[in-house]
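We're numbering straight along the sequence, starting at 1.
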Amino acid sequence: MEEKYLLFLLGFDVLLRDRRNNEETDGFIVVPFPEEHPEDLDDAKELIKRHYGRLGFDVKEVHHQDSHVKAIDLVTEYDAAPNTDTFYE
């Protein structure tokens with residue numbers, strides 16, 4: 001039996017300020033959302049701010065570029081993936 005799992009991939013353009021030297025840079029980040037597309041993008045934007053904040057950046061602007069969806073067969077992926085002991089070696 002196939003078990004399809006939907007993974008929504010939300011792409012965002014970002015404008016960042018490096019807190020170490022005050023330089024601005026732009027970038028692109030993909031935020032995964034399992035099973036359903038969020039109704040609003042506030043949760044995704046908050047994840048982006050926390051992610052870059054831990055790296056030493058302030059997020060000045062966030063713009064949703066596009067969303068994609070990926071259907072994944074979980075059993076096939078499970079069988080192909082290394083177990084956790086092998087992964088962490």
*Of all heavy-atom pairs between Lys45 and Val62, which one has the smallest distance, and what is that distance?*
CG-CG1, 3.8 Å

*If we only count heavy atoms from C-beta on, is the Arg17 to Asn22 side-chain gap below 4.5 Å?*
yes

*Same cluster or not: are Val30 and Phe57 linked, directly or through other Ile, Leu, Val, Met, Phe, Trp or Tyr residues, by side-chain heavy atoms under 4.5 angstrom apart?*
no

*Can you name the residues that form a ring-ring contact (aromatic ring centres under 6.0 Å, His included) with His64, not counting sequence neighbours?*
Phe12

*Side-chain heavy atoms of Phe33 within contact of Leu47, under 4.5 Å*: yes

*State, yes or no, whether a side-chain contact exists between Pro34 and Tyr5 at a heavy-atom distance under 4.5 Å.*
yes

*Show your reasoning for whether side-chain contact (heavy atoms from CB on, under 4.5 Å) applies to Phe8 and Val31.*
CA-CA 8 Å; Phe8 291 85; Val31 179; over 6 Å; no

*Return yes if a side-chain donor-acceptor contact under 3.5 Å exists between Asn83 and Thr86, otherwise no.*
yes

*Could you tell me which non-hydrogen atom of Leu41 sits nearest to which non-hydrogen atom of His37, and how far apart they are?*
CD2-CE1, 4.2 Å

*Group every Ile, Leu, Val, Met, Phe, Trp and Tyr by side-chain heavy-atom contacts under 4.5 Å, then state whether Leu10 and Leu7 land in the same group.*
no

*Output yes when a side-chain donor or acceptor of Arg19 lies under 3.5 Å from a complementary backbone atom of Gly53, and no otherwise.*
yes

*Are Ile29 and Leu15 connected in the hydrophobic side-chain network, where two residues link if heavy atoms are under 4.5 Å apart?*
no

*Mind running side-chain contact (heavy atoms from CB on, under 4.5 Å) on Leu16 and Asp58 for me, showing each step along the way?*
CA-CA 6 Å; Leu16 308 169; Asp58 291 325; over 6 Å; no

*Can you find a side-chain donor-acceptor pair between His63 and Gln65 that sits under 3.5 Å?*
no

*asked:* Any heavy-atom pair between the side chains of Asp26 and Asp13 that's under 4.5 Å?
replied: no

*Heavy-atom closest contact (Gly11 atom, Phe28 atom, distance)*: CA-CZ, 3.7 Å

*Given side-chain contact (heavy atoms from CB on, under 4.5 Å), test Tyr78 with Asp73 step by step and report yes or no.*
CA-CA 9 Å; Tyr78 177 85; Asp73 182 334; over 6 Å; no

